[in-house]
Structure formats: C-alpha cells, structure tokens
Protein chains: 2
Amino acid sequence: MTSQHREPVTRDRIIDAALHIVDGQGLGRLTMRRLGDALEVEAMAIYHHLPRGKEELLDGLVAHVAVDPLSATAGGEWQDRLRGWAAGYRERLLEHSGVLPLLVTRRNPAALDGTTASVQEVLGRAGLREETAATGAHTLMGYLIGHAALEARGRALSEAGGPGGAIDWDLRFTGGLDVVLAGLAQS
Amino acid sequence: MTSQHREPVTRDRIIDAALHIVDGQGLGRLTMRRLGDALEVEAMAIYHHLPRGKEELLDGLVAHVAVDPLSATAGGEWQDRLRGWAAGYRERLLEHSGVLPLLVTRRNPAALDGTTASVQEVLGRAGLREETAATGAHTLMGYLIGHAALEARGRALSEAGGPGGAIDWDLRFTGGLDVVLAGLAQS
DNA sequence: ACCTGAACACCGTTCAAGT
DNA sequence: ACCTGAACACCGTTCAAGT
C-alpha cells in the first residue's frame with residue numbers, strides 16, 4: 001500500500017482488467033497494448049504471466065464466466081435446482097456478453113465440457129437414465145448459450161433504438177426453460 | 001471465358017471466396033489481403049464492391065448460412081416441418097461452423113430476427129397462442145444455435161484426439177429437438 | 001466504373017537487454 | 001523474477017492516382 005509501489009501484476013489482475021475492457025468497450029477493443037495500459041505496464045510484461053499470450057488470456061475469460069450446477073445452491077426438486085443454476089449462468093453470460101462469442105469457439109474445452117458433465121450428473125442423480133441425462137445436459141446447455149446469445153443481441157439492438165423493445169426477456173427465458181424442462185421430465 | 005480476362009469481381013464471388021477461406025482455414029485467417037489474393041485482385045479493390053468493408057463482408061457470411069422455415073419444404077405436421085427446417089439449418093451451421101461466432105455477435109440482425117419471426121409464424125399457424133409461439137420460436141432458435149456451437153466444438157475436439165469420440169451427435173441433436181418440441185406441444 | 005500503390009495507425013509476438 | 005525497447009510481420013482502411 002506504499003504509494004510509490006504499484007500493485008503487483010498477477011494473473012488474476014490481468015483477467016479482471018481484461019474483463020473490464022471487454023464489458024466496457026467490447027471484445028474487439030481488447031488488445032495486449034490496451035490491457036498493458038490498464039495495468040500501467042508495457043504490453044510485453046503480460047507475456048511473463050501468460051506465456052501462451054492472448055490465447056491464454058481469452059481462455060481465462062471463458063473460465064471466469066462458467067458456473068457449475070453442482071456447486072450451486074442445492075435443495076429442492078431437480079427442476080428447481082437447475083432453474084436456479086440456469087438463472088445464475090444466464091445472469092453471468094449477460095453481464096459479460098462480450099465473451100459469448102468465445103464460448104462458441106473451440107476455446108477452453110474444460111470450462112464448457114465440465115459444466116455439461118455436471119448438468120448430466122444432476123440429471124442422473126434425479127433418476128434419468130444415462131442416455132436421457134446426456135441428451136438433456138446438451139439440450140439445456142445449448143438452450144442456455146443460444147438463448148443468451150439471442151437475448152444479448154436483442155437487448156443491444158433495442159437499446160440502439162431498434163424494434164422489439166417490448167420483449168420481456170426474463171419471461172422469455174424462464175418460459176423457454178420450462179419448455180425444455182417439461183419435455184425432459186416427460187422423456 | 002476468354003482466358004486473358006479473369007472473372008469479374010462481384011459481391012457474390014467475394015462472399016463465396018470468403019466462405020471458402022473461413023471453411024478451410026478458420027475465421028481468424030479471413031483477412032482482406034488474403035481475400036484479395038483468392039480473387040486475384042488487390043485487397044483495396046474489395047472496398048469498391050463492399051463499401052462498408054469487412055463489416056459488410058461478415059454480414060454477408062451470416063446472411064448466407066440463414067435458412068428460413070417458411071421456404072423449407074412444407075407439408076405434414078408442424079412438428080415435422082420444423083424438424084426438417086432444423087435439420088437443414090444445423091447442417092448449414094456445421095458446414096460453415098467458422099461463422100457461428102458471428103451469429104452470436106450483434107451482426108446482421110435482419111438475418112437472425114427474420115428467421116425467428118418465421119419460426120414464430122409457423123407456430124402461430126399451428127394454433128399456438130401468440131405469446132407461446134414467441135417463446136417457442138426463441139427456444140427453438142436458442143437450442144439450434146447453442147447446440148450447433150456445442151456440436152462444432154465437440155466434433156473439432158474429438159478430431160483433435162480429445163475424449164468423447166463416442167458421442168452420436170445426430171442422435172443428440174434430434175433427441176434434444178424432440179425434448180423441446182414435446183415441451184412446446186404441451187404448453 | 002473499376003482497380004492499384006503508397007501510406008497511416010494500428011495489431012500480436014520475439015528477443016535481447018535492463019534492474 | 002519481472003519488466004522494457006526495439007523490431008518484425010502482419011492487420012483494416014483512406015486516398016489520390018491510374019485505366
């Protein structure tokens with residue numbers, strides 16, 4: 001805290017600063033040079049903490065938005081547990097909607113596949129047979145990511161003065177989620 | 001066809017060449033200079049046909065993969081019509097999986113929103129009330145895009161020697177689609 | 001109308017050098 | 001160990017100029 005020394009540059013501070021840039025200015029404006037500026041350091045210093053460079057930086061952003069359903073608040077029916085997890089995940093994705101395109105890329109497989117496996121385990125514990133649980137996990141993850149993408153686009157467009165300002169996205173999301181859960185309970 | 005003149009550069013040829021680069025080398029390697037090379041022209045010539053530059057180019061790619069459910073082969077139950085449309089859309093998305101991240105961005109709203117509206121119309125004609133049809137359209141579009149993203153990632157990873165080579169993606173996709181359709185029919 | 005050449009303000013990354 | 005300066009091979013885009 002002595003004012004003559006700046007905060008040490010750490011992996012966590014780098015990811016945080018990068019997320020801040022993406023949230024405020026968009027993914028396209030996240031450059032190593034700008035990130036260095038935000039950390040009050042030359043861009044080249046970042047490579048000392050992230051040897052794989054920008055690739056590793058983007059992997060870190062993806063990992064940061066992931067939410068695991070097993071660690072989400074437990075209790076209640078499996079439908080309600082998944083509803084709680086989905087609500088949290090959706091919130092996170094919209095808060096950092098700039099990273100959404102990164103989820104769609106091959107990037108950081110562990111983050112997405114780990115979450116999918118956890119969803120499958122929740123469904124398995126609920127009594128669904130393995131193949132149904134696997135399909136259900138993919139369906140839920142697909143819906144979650146896809147709907148978040150549509151919602152992020154829709155919200156940004158209506159903010160920019162486009163049509164569709166009348167859409168109640170909360171209702172749309174929970175409504176669609178209920179459709180998927182109803183279909184799942186029945187299979 | 002006189003061999004001394006090369007093919008004239010048109011908007012369509014530019015989009016085609018760009019799609020070819022994205023499919024073969026990935027979105028990250030689509031540059032104006034490389035695109036110019038493919039067309040046997042200087043990169044700057046492209047701006048004459050696409051005044052908005054790379055932005056307009058990427059918009060064109062998104063529009064190219066869109067499939068409208070109203071123009072898809074008609075006939076039969078609405079579920080079967082949507083199944084046919086979804087199968088076609090999925091195929092297109094996987095064929096050009098490099099453009100998937102572009103769908104997630106704000107880019108070319110007309111392409112995605114138009115498709116969503118068409119899905120809603122199909123559901124509306126099928127007798128669902130308006131709010132249910134709207135939710136259903138978003139749910140289906142969300143599932144389609146999200147699942148395609150997961151599938152593209154999954155296929156690429158297992159090709160690269162990762163785990164999960166045992167997943168039957170066709171079965172996963174139709175299974176998940178049936179879950180959504182079953183939930184919809186019941187709402 | 002259609003294309004080129006040169007230029008501008010950027011990128012990510014490497015590498016030797018400093019402390 | 002941690003950071004910097006200079007350099008390299010790229011980007012997208014503008015603009016005047018050619019035909």
Side-chain angles (χ1 to χ4, degrees), chain A residues 1-62 98-99 101-102 105-108, chain B residues 1-62 98-99 101-102 105-108:
Chain A
M1 282 294 180
T2 49
S3 63
Q4 45 186 330
H5 293 95
R6 60 183 172 216
E7 291 283 308
V9 176
T10 62
R11 224 192 105 96
D12 280 355
R13 277 195 67 221
I14 295 173
I15 304 282
D16 264 29
L19 212 51
H20 191 256
I21 292 175
V22 172
D23 293 344
Q25 312 184 245
L27 187 61
R29 289 184 62 79
L30 174 62
T31 70
M32 300 301 270
R33 284 169 167 90
R34 235 187 298 267
L35 185 53
D37 278 354
L39 295 163
E40 298 187 271
V41 103
E42 293 298 316
M44 300 76 198
I46 298 169
Y47 289 83
H48 200 266
H49 302 270
L50 275 60
R52 275 178 37 248
K54 195 165 189 182
E55 199 76 11
E56 190 170 354
L57 177 66
L58 298 181
D59 283 357
L61 295 184
V62 172
V99 310
L102 299 179
T105 318
R106 195 169 331 184
R107 235 170 271 291
N108 202 354
Chain B
M1 283 294 177
T2 49
S3 63
Q4 43 186 333
H5 294 95
R6 58 182 173 219
E7 290 284 308
V9 176
T10 63
R11 224 193 106 96
D12 280 355
R13 276 194 68 218
I14 294 174
I15 304 284
D16 263 30
L19 212 51
H20 190 256
I21 292 175
V22 172
D23 293 344
Q25 311 183 246
L27 187 61
R29 290 184 62 79
L30 174 63
T31 70
M32 299 303 270
R33 284 168 166 91
R34 236 186 298 267
L35 185 53
D37 278 354
L39 295 162
E40 297 187 272
V41 104
E42 293 298 315
M44 301 76 197
I46 298 169
Y47 289 82
H48 200 266
H49 302 270
L50 274 59
R52 276 177 38 248
K54 194 165 189 182
E55 200 77 10
E56 191 170 353
L57 177 66
L58 299 181
D59 283 357
L61 295 184
V62 171
V99 311
L102 299 178
T105 318
R106 194 169 331 184
R107 232 169 274 290
N108 201 352

Taking A/D59 as the fixed residue, which of A/R107, A/R52, A/K54 is the one that meets the side chain to side chain donor-acceptor pair (under 3.5 Å) rule? A/R52
Taking all non-hydrogen atoms of both residues, which atom of B/G36 and which atom of B/I46 are closest, and how far apart? N-CD1, 3.8 Å
Outer limits of DNA chain D sitting under 4.0 Å from a non-hydrogen atom of chain A, read 5' to 3', are D/dA1 to D/dA7
Using a cut-off of 6.0 Å, state whether more than 12 heavy atoms not belonging to B/R13 lie near its atom CZ. yes
Assert: residue with more 5' nearest nucleotide on DNA chain D, out of A/I46 and A/R33, is A/I46
Would you mind pulling out the nucleotide paired to D/dA9, Watson-Crick or G-U wobble, both distances under 3.5 Å? none
Check every strand shown and say whether B/M32 touches a base, only sugar-phosphate, or nothing at a heavy-atom separation below 4.0 Å. sugar-phosphate
Any idea which heavy atoms bring B/I15 and B/L57 closest together, and the distance? CD1-O, 4.1 Å
Testing B/L30, B/V22, B/T105, B/V99 for side chain to side chain contact (heavy atoms under 4.5 Å, CB included) with B/L58, which one passes? B/L30
Should we say atom CD of B/Q25 is surrounded by more than 12 heavy atoms from elsewhere, each under 6.0 Å from it? yes
Sidechain-backbone polar pair: B/R11 side chain, B/H49 backbone, donor-acceptor under 3.5 Å: no
Could you list by number each residue of residues 9-31 of chain B showing a heavy-atom separation from DNA chain C of less than 4.0 Å, or answer none if no residue does? B/V9
So A/D23 and A/L19, do their side chains get closer than 4.5 Å, heavy atoms only? yes
Partner of D/dT4 under the Watson-Crick or G-U wobble criteria, both distances under 3.5 Å, comes out as C/dA16
